[in-house]
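Structure first, then comments.
Numbering starts at 1 and runs along the sequence shown.
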Amino acid sequence: MSGEEEENAAELKIGEEFLKAKCLMNCEVALILEHKYEQLQQMSDDPMNQVSQVFEKSLQYVKRFSRYKNPDAVRQVREILSRYQLAEFELCVLGNLCPETVEEAIAMVPSIKTKGRAHDDDAIERMLNDLSLIKKFE
């Protein structure tokens with residue numbers, strides 16, 4: 001991204017390095033941190049000695065704001081959103097915030113409606129319906 005071009009997430013102008021980065025949803029981070037926490041508990045007689053306050057607070061945060069708790073549901077959410085050829089940034093915002101309507105989805109991630117992309121209102125509606133089914137049966 002040139003120094004003159006201004007970043008704008010609504011148009012998916014977020015910097016080349018960020019576009020290529022792998023993003024994780026809160027629910028994915030929660031699974032990773034819970035696994036690490038279990039490992040730390042097994043390695044020590046006193047698990048609190050191994051866990052920093054930052055680790056603990058981070059785990060609490062992602063657990064609180066994770067919309068999906070079941071590991072299979074987490075995997076399904078990523079698979080479903082990946083089918084729609086979203087940028088990682090878009091995928092994670094939608095997976096974290098779980099909009100219920102097309103209007104909400106576009107307000108949260110305006111770039112999904114950017115000219116030249118294949119996301120019409122019907123495609124966005126299908127994507128949201130797929131996500132709501134996962135949440136319903138979790």
Side-chain angles (χ1 to χ4, degrees):
M1 192 165 212
S2 72
E4 296 174 17
E5 194 172 333
E6 190 172 325
E7 292 184 2
N8 183 345
E11 297 174 9
L12 210 55
K13 294 179 183 176
I14 54 178
E16 193 65 29
E17 65 281 348
F18 195 64
L19 277 173
K20 293 179 180 178
K22 178 75 171 176
C23 298
L24 295 174
M25 294 178 286
N26 289 337
C27 53
E28 293 170 314
V29 175
L31 291 175
I32 292 167
L33 292 182
E34 285 174 345
H35 180 72
K36 182 65 175 173
Y37 185 78
E38 289 170 9
Q39 286 179 328
L40 291 172
Q41 284 182 320
Q42 291 174 358
M43 290 172 39
S44 174
D45 293 336
D46 183 9
M48 294 314 289
N49 284 342
Q50 298 292 323
V51 179
S52 72
Q53 187 176 6
V54 171
F55 182 94
E56 187 70 36
K57 294 282 186 190
S58 299
L59 179 57
Q60 289 172 5
Y61 175 87
V62 293
K63 286 172 79 172
R64 179 176 181 197
F65 291 105
S66 291
R67 301 293 182 138
Y68 305 94
K69 310 292 185 209
N70 180 314
D72 289 332
V74 172
R75 181 185 48 76
Q76 288 176 327
V77 168
R78 179 160 289 273
E79 285 177 8
I80 285 170
L81 291 173
S82 295
R83 288 184 211 149
Y84 291 90
Q85 298 162 341
L86 300 168
E88 285 284 320
F89 165 76
E90 296 168 319
L91 184 150
C92 288
V93 170
L94 294 171
N96 283 338
L97 300 177
C98 301
E100 294 181 4
T101 66
V102 171
E103 293 77 21
E104 284 180 359
I106 294 169
M108 292 174 188
V109 187
S111 58
I112 62 174
K113 207 54 180 171
T114 302
K115 189 176 182 179
R117 294 187 72 187
H119 302 114
D120 59 11
D121 286 359
D122 291 338
I124 297 169
E125 183 71 36
R126 281 191 305 276
M127 176 175 53
L128 297 178
N129 287 340
D130 290 346
L131 291 177
S132 69
L133 283 175
I134 292 172
K135 188 66 180 161
K136 187 184 296 184
F137 293 110
E138 183 180 32

Which atom pairs, donor and acceptor, lie under 3.5 Å between side-chain atoms of residues 97-105 and protein residues at least two apart or in another chain?
from   : atom 1 : to     : atom 2 : distance (Å)
Thr101 : OG1    : Glu104 : N      : 3.0
Glu104 : OE1    : Glu100 : N      : 2.7

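- Listed here is the closest heavy atom pair of Val62 and Asn26: CB-O, 3.6 Å.
- The line from CD of Glu56 to CD of Gln60 is 5.0 Å long, rounded to the nearest 0.5 Å.
- In this view, Glu34 and Lys63 satisfy the salt bridge (Lys or Arg N to Asp or Glu O under 4.0 Å) rule, not counting sequence neighbours.
- Counting all heavy atoms, side chain and backbone alike, Glu90 lies closest to Ile112 at OE2-N, 3.6 Å.
- Here the shortest heavy-atom pairing between Ile134 and Val77 reads CD1-N, 3.8 Å.
- With side-chain heavy atoms closer than 4.5 Å counting as contact, directly or through intermediates, the hydrophobic cluster containing Leu133 also holds Phe137.
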Q: Test side-chain contact (heavy atoms from CB on, under 4.5 Å) on Leu86 and Val109 and set out the steps.
A: CA-CA 10 Å; Leu86 300 168; Val109 187; over 6 Å; no
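- Sorted by first and then second residue, the side chain to side chain donor-acceptor pair (under 3.5 Å) pairs with a member in residues 67-80 read Glu28-Arg78, Arg75-Glu79, Arg78-Glu88; sequence neighbours excluded.
- Atom OH of Tyr84 is separated from atom CD1 of Ile124 by 10.0 Å, given to the nearest 0.5 angstrom.
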(Q) Run the side-chain contact (heavy atoms from CB on, under 4.5 Å) test on Leu31 and His35 for me, step by step, so that the C-alpha distance in whole Å, both residues' side-chain angles and the decisive distance to 0.1 Å come before the verdict. (A) CA-CA 6 Å; Leu31 291 175; His35 180 72; over 6 Å; no
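- A salt bridge is defined here as a Lys NZ or Arg NE, NH1 or NH2 lying under 4.0 Å from an Asp or Glu carboxylate O, and Asp121 with Lys113 meets this definition.
- Judged as a salt bridge (Lys or Arg N to Asp or Glu O under 4.0 Å), the pairs with a partner in residues 126-138 (not counting sequence neighbours) are, in order, Lys135-Glu138.
- Rounded to the nearest 0.5 angstrom, Leu81 CG and Met25 CE are separated by 6.5 Å.
- Applying the ring pair (Phe, Tyr, Trp, His ring centres under 6.0 Å) test to Phe55 and every residue at least two apart in sequence or in another chain returns nothing.
- Within the model, atoms OH of Tyr37 and OG of Ser58 stand 13.5 Å from one another, a figure rounded to the nearest 0.5 Å.
- Between Met127 atom CE and Ser132 atom OG the span is 11.5 Å, to the nearest 0.5 Å.
- For the atom pair CG of Leu91 and CG of Leu24, the computed distance is 10.0 Å after rounding to the nearest 0.5 Å.
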